[in-house]
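In what follows, a structure is listed as C-alpha cells, so that the remarks can point back to it.
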Amino acid sequence: MNDTKLHLIGKPRRRVDGRAKVTGQTKFADDIMLPRMLHCKLLRSSVPHARIVRIDATRALAHPGVHLALTGKDFKVPYGILPVSQDEYPLEPTHVRFVGDPVAAVIARDELTAFEALDLIEVEYEPLRTFSTPEESLEHEDPRIHEYGNQGNIHKAVSLGFGDVEKAFAGADEVFEDTFFYQGNTHLAIEQHAAVAAKDPDGKLVLWSSTQVPHYVHRALARALEMRAAHIRVVAMPNGGGFGGKCDPFNHEIVVCKAALLLDRPVKICLTREEVFYCHRGRHPVLMRFKTGVKRDGTITGVHLKTVLDGGAYGSYGVVSTFYTGALQTLTYHIPTYKFEGCRVFTNKPPCGPKRGHGTPQGRFGQEVQLDKIAEKLAIDPAELRLRIVEKPDTLTANYLQVSTTGLAECIRRVVAASDWRNRFRKLPRGRGLGLACSSYMSGAGLPIYYNEMPHSGVQLKLDRSGGVAAFCGATEIGQGSDDVLVGCVAEILGIDPMDIRSVTGDTDLTPVDLGSYSSRVTLMMGNAAIQAAERAREFLAEGVSRKLEVPKGRLVFAERRVFDAEDPAKGVSFSEAVCLAEAIFGTLGTTGSYTPPKAVARFKGSGAGPSPTYSYSAAVVEVEVNASTGWIQVTRVWIAHDIGRALNPTLARGQVEGSVYMGLGEALMEEQEFRRLPKRLSHALVHKFPSILEYKSPTALDMPEVITELVEHPDPSGPFGAKEVGQGPLLPVMPAVANAVYDAIGVRIDEVPITPEKIIKALEAKAAGKPARYGPAHFPDVPWPETLQVPPPWEGGDGKAINAPPRPSKELARKSHAPEVVQS
Amino acid sequence: MTEQAHITLKVNNEPVEVSFAPYKTLLEVLREDLNLCGTKHGCELGECGACAVLLDDLPVLSCLVLAVECDGRRVTTIEGLVTDGRLHPLQEAFADLGAAQCGYCTPGFLITAKALLDEHSHPTRDQIREALAGNLCRCTGYQQIFEAVEAAIQSGAAGVEVERGPRSAGQEEA
C-alpha cells in the first residue's frame, strides 16, 4: 500500500472520541449511577503479614443501612491473571500478606455507611515475620508468603544460556561488570479503579469496570464465582488512564459481582486513592548485574545479565515480568552470546506487575548506562558505538526473537542531528550535559496469557442501508486511541468518514474477543483484524456495484463516501447505495476479521516472553542542567525518534511518544514506591510511605521540558498499513539517557533510579573523597539459580530448542495447571 | 439518615435547588445529586486537579469545597462550557490537537484553562504552565495541552462568554 492511495491514514485528525472527552461525556465506570444501587467498601489488612485467627462481621451487618457483609469464607476458589499464579482470593480467608490486603467487604446504602461499618468488623491477627526486601526473603525460607513457587520465598528463578558467555568474555578485549538498581514506581492513572455489578433483567451477571482486560476478567469471574461464563458479561468502560495498572482481575471486581448476585441489586465500588496504591501491580524494583565483554572496536562478544525482582505479595504477572527483565536486551545491538538469570521473590508489600514497558525498563536502564561507560573507556562516541553494533533487519537474535524491520540506526542519526550531539556532547560547560540511549519494544505479545491457538483479536462489521457502519471489537479504550485505530482502519478501507462509523468495544457479550490493552498489542492486532473485516465487506460491496455499473471489481475505488470507476470517477454510486446493491444480492451485510500472531521460532521453556510480530525502536537524547551544590537536576530538552512503521494518526502517535517521555522522566527523577517500618510502639508494621498523589511525586506542567519528537516511518509488512507500536517503547530510553546526561554534566554516575539531588550530592562527595564517582548498589545477593537451560543460538546451529533436559517442574500450582508455564504479557 | 441540607445555587447558568447530606462536598453533590458527572475525581484530597470547577468565576477544587458553602453562588462545570450547542474554542482545540487522551483529567484542565483566559487574554507559555501546574495529566506529557490552549487563544477563546442569556434554537456546533 503506498501513501498516495491513503486518504485518512497518516493524516493528523481529531480522534473519533474527541468530542466526548472534551465535553466530559465519556462515561467512566464511576459515572454509572443505577436505580437501587448500593455501595461497597473493603476492609484491608492493617498488618503486613499474619494469619487470620478470627474474623467477625456480625456487628457490621447489624449497622443501620448495611445490606451485606462478606468475608473470606464466602469465596472458595482462588484466581490470578496467570494460569501458574492462581494465588489470590477475592477476600483473603486465612493469611494476609501486605498492609492493604482485602479481608472483608461491606455493602450498604451509601459509601459513608459502608465505611463506618468497616470499623465494626473484628479481625484477630497472629503476626508472622515480615519480609521487606528481597535479601530478607532470600535469607529466610520460613514462613513462606505463598505455599508455591521455586522454594522458600522465591516465586520464580530462571536461567537461560544462549551460547558460551564465559568463552565470550575470555575472547573480549575488555569485560565490564556493573550493578544497577531500578526502584519500583506506580502507574498513578488519575482515574481510581471503579466497578459496578448488577443482575440484568434476565438474571445474568453484568460487570462494568475500569479494566484494560475484560476478557481475562471474564475468565477470572467465571472461575472465582463458579459460574457459567456465558452468563457473565464484562463491559470495559473507557479507562481514565491504565498504563498496566488495570490489567489484573481485582478483588473488588469479584466482590461486587458476588454482592450483586446475592442482593439482586446493583453494587458499586470506587477505590480511594490510597487503595489504588495498594492494588499497585506497578514497576518491580529490580537489582541487576550486567557483565559485558567487548572488543576494542565496541563489538559485543557476550552479555551475562542477572536480575532480582521484588515481587511484592502476590504473583500477578510476575513470572512473565521476570522473563521480561532479560528478554528484549538482544533486539537493539548484536549480542552473539547471552546468558540471563532472573529471580522474583515475594515480599510483604503490594504486588508488582506490569507497568508501561513491563519488565523491560529496568534491564534497559542498566544496559544503556553500561554502554555509556563502555564507550567512554574505549574512547568511542556513544552514538557512534551504537551505530556500529545495531542489530540488522531480518535477523534472528541469540534468544530467537525475529527482528523484521528496524529503524534504530535512523532513530540514532535523527536525534544526534537534531540535538547537535557531535558539537555538544562532552563539550558543554560543567553542569550541563547530554545523554543518549536506545531501546526496542514488542508490537504485541506473540503468545496469549493462557495457551490456545485462537485469534488474539477479532472485529465484526455491520453495514447499514443508511451508509452507516458499526464496528465491534473487544479492545479497550484506555486513552491510547484504540477506538480511533479501529474506526480509522475501517474508514480507510471502505472510503467513508470516521464519523459514519459507530464503534462498540470492550464488551464480552457484544464484541468479538480482543485480549486486552496490554503489551502494545492493540494497534497491530486489532488493526489487522479490522482491515480483514473491512476488506471482506468491500468485496461484497464491489460485487454489487460492479454488476450495477458493469465495471470490473478491480477498477472500483472506495473514497469520499463513494464507490466509483478509477478510469471514470464520475461513474459511481454513493456508499449507501453500494450497501443497498450488495444487500439485495447477499442479504443483510456483516463481516468478520481476526488476527493471530505468527508462531514464534523459539521452542525452549521460557521462550513465551519476548516474541512479537514486529518490534518498535527508539532513540533519545536528553539535555540536563545539574546544580553541583544542591544536586538539583533540570531536564531542559528531550529529542526522541521512534520507529513506528507508520503513524496511523500522527496527532495520537505524537501524544503517545510525549506521554512516554513524560512518564519516563517521572521514573528517572522522582517517582518511587517506598515503604517504611512504623515505630515498634506502633506495631512495627511495614507500610507504604506515601500512598497519596501529593507525596508520590510526579512531574507537573512546570517540570516538563520541551520534547522534540521525530516519527521514523518505514511501513512494516506485519503492521496495519505498516504500523508498529508507540505506546510503550518511547518510555524505555528516557531513564538511561537522563543518567548518561547527568554524567556528562557533572562527571558522576548514578547507577539507579530515581536520580535524586541527594544521590548526586552523595556521588559528588564520594568523588571528592577519592572514591569511585558513583552512587548505586555494589552488592548482588546470592541466589540459588536453577540449572541453566542451554539453547545454542542460531549461528551455532541451534533450532530454538534447549539441548539439556528441562529442570524439574516446581510442585504445587504449576502442576495443577495444564497450560504451559510461560505465558505472556 | 442525617438531616438534609438544602441550598439554591446557579449551575451553568441555571437555577438549581438541591438537598443532600450536609457532609457532602461540592464534587459529590455535582456528581451524585445533580448528575453532572463530567467533573471527575482522582484523589478527593485536593492533589490532582481533576475536580476543578468555577465558583463565582474562580477555579476551585470541588473536592475541597463543602456544598453547603455554595448557597446562592454560581458554579460552572465542564457541562457549562458548551454554549448554544457549540463547543468552547478550548474544547475544539483540545479535541483537535490531542490534548485529551484518556479524557479523565480533561474537564479539570479545560476549566482551569478557561479561568486563565478569563483573566489573561494572551498568556505566555510560562503563564500557561504555571496556571495548569495544579492539574495532573498522566497521558500527554502536557505539551499538546499547552499547544491546544495556545491554539484556542489564536481562535479567540479569550473573548468567549459561556454563561449567556436565552439560547436560540437551531444553532449547531462548529
Side-chain angles (χ1 to χ4, degrees), chain A residues 12-15 17-28 30-31 33 65 109-110 112 187-192 238-243 270 272-273 477-481 651-652 654-663 665-666 692-694 698-704 706-707 709, chain B residues 1-2 21 23 31-32 35-50 77-79 81-82 87-88 90-108 110 126 128-146 173:
Chain A
R13 60 185 170 78
R14 175 185 292 197
R15 56 192 295 159
D17 48 1
R19 186 186 187 280
K21 296 195 172 184
V22 300
T23 53
Q25 291 185 74
T26 299
K27 208 175 190 117
F28 298 96
D30 193 44
D31 298 336
M33 313 275 180
R109 66 181 171 222
D110 54 39
L112 185 71
H187 319 82
L188 204 76
I190 306 294
E191 180 205 25
Q192 301 140 270
N239 288 197
F243 316 113
C270 182
T272 64
R273 178 53 60 183
E477 173 60 57
I478 62 170
Q480 86 281 45
T651 306
L652 272 58
R654 211 192 105 200
Q656 288 299 308
V657 175
E658 289 170 4
S660 292
V661 169
Y662 152 84
M663 199 164 270
L665 290 175
S692 87
I693 289 190
L694 186 64
S698 64
T700 70
L702 284 170
D703 300 311
M704 196 57 196
E706 185 188 3
V707 179
T709 301
Chain B
M1 292 285 267
T2 343
Y23 60 80
R31 288 179 54 83
E32 297 164 12
N35 291 317
L36 292 168
C37 286
T39 302
K40 304 302 178 195
H41 56 81
C43 63
E44 291 162 73
L45 291 167
E47 298 162 357
C48 73
T77 68
I78 184 69
E79 288 87 353
L81 287 197
V82 178
L87 299 191
H88 189 282
L90 278 165
Q91 291 175 303
E92 297 281 4
F94 269 56
D96 284 340
L97 300 177
Q101 282 189 24
C102 79
Y104 196 83
C105 69
T106 309
L110 285 165
D126 282 346
I128 295 170
R129 280 177 188 279
E130 177 119 22
L132 299 179
N135 292 75
L136 295 181
C137 169
R138 290 292 275 176
C139 295
T140 61
Y142 303 107
Q143 195 149 299
Q144 287 176 317
I145 294 178
F146 303 149
E173 61 195 62

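- Between B/Cys102 and A/Glu191 there is no side-chain heavy-atom pair separated by less than 4.5 Å.
- Electrostatic pairing of B/Lys40 and A/Asp30 does not count as a salt bridge here, judged by no charged N lying under 4.0 Å from a carboxylate O.
- Ranked by heavy-atom pairs under 4.5 Å with chain B, the first of A/Gly659, A/Gly481, A/Gly242, A/Gly18 is A/Gly659.
- Using a 4.5 Å cut-off between heavy atoms, B/Thr106 touches chain A through its side chain atoms alone.
- Contact of A/Gln480 with chain B is not made at all, since no heavy-atom distance falls under 4.5 Å.
- A/Lys21 places no side-chain N or O within donor-acceptor distance of the main-chain N or O of B/Ala95, the cut-off being under 3.5 Å.
- Within the 4.5 angstrom heavy-atom criterion, only backbone atoms of B/Leu97 (N, CA, C, O) approach chain A.
- Using a 4.5 Å heavy-atom cutoff, the side chains of B/Arg129 and A/Thr700 are not in contact.
- A/Val661 does not touch chain B: none of its heavy atoms, backbone or side chain, sits under 4.5 Å away.
- Contacts between A/Met33 and chain B at a heavy-atom distance below 4.5 Å involve the side chain alone, from C-beta outward.
- By the ring pair (Phe, Tyr, Trp, His ring centres under 6.0 Å) test, B/Phe146 is found to be paired with no residue, residues two or more places apart in sequence or in another chain being considered.
- Interface residue B/Ala50: only side-chain heavy atoms are found under 4.5 Å from chain A.
- Per-residue counts of heavy-atom pairs under 4.5 Å with chain A were compared for B/Ala100, B/Cys105, B/Ala99, B/Gly46; the largest is that of B/Ala100.
- Comparing A/Ile190, A/Thr26, A/Thr651 by how many heavy-atom pairs each has under 4.5 Å with chain B, the most go to A/Ile190.
- Put simply, of A/Gly240, A/Gly65, A/Gly479, the one with the most heavy-atom pairs under 4.5 Å next to chain B is A/Gly479.
- Looking at A/Thr272, neither its backbone nor its side chain comes within 4.5 Å of chain B, counting heavy atoms on both sides.
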Original post:
Run the side-chain contact (heavy atoms from CB on, under 4.5 Å) check on B/Cys48 and A/Arg273 step by step: do they pass?
Top reply: CA-CA 11 Å; B/Cys48 73; A/Arg273 178 53 60 183; over 6 Å; no

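- With a 4.5 Å cut-off on non-hydrogen atoms, B/Leu136 touches chain A through its backbone and its side chain both.
- The list of salt bridge (Lys or Arg N to Asp or Glu O under 4.0 Å) pairs with a residue in residues 654-663 of chain A, not counting sequence neighbours, reads A/Arg654-A/Glu658, A/Arg654-B/Glu147.
- With a 4.5 angstrom heavy-atom cutoff, A/Asn239 touches chain B only via backbone atoms.
- Using a 4.5 Å cut-off between heavy atoms, B/Glu44 touches chain A through its side chain atoms alone.
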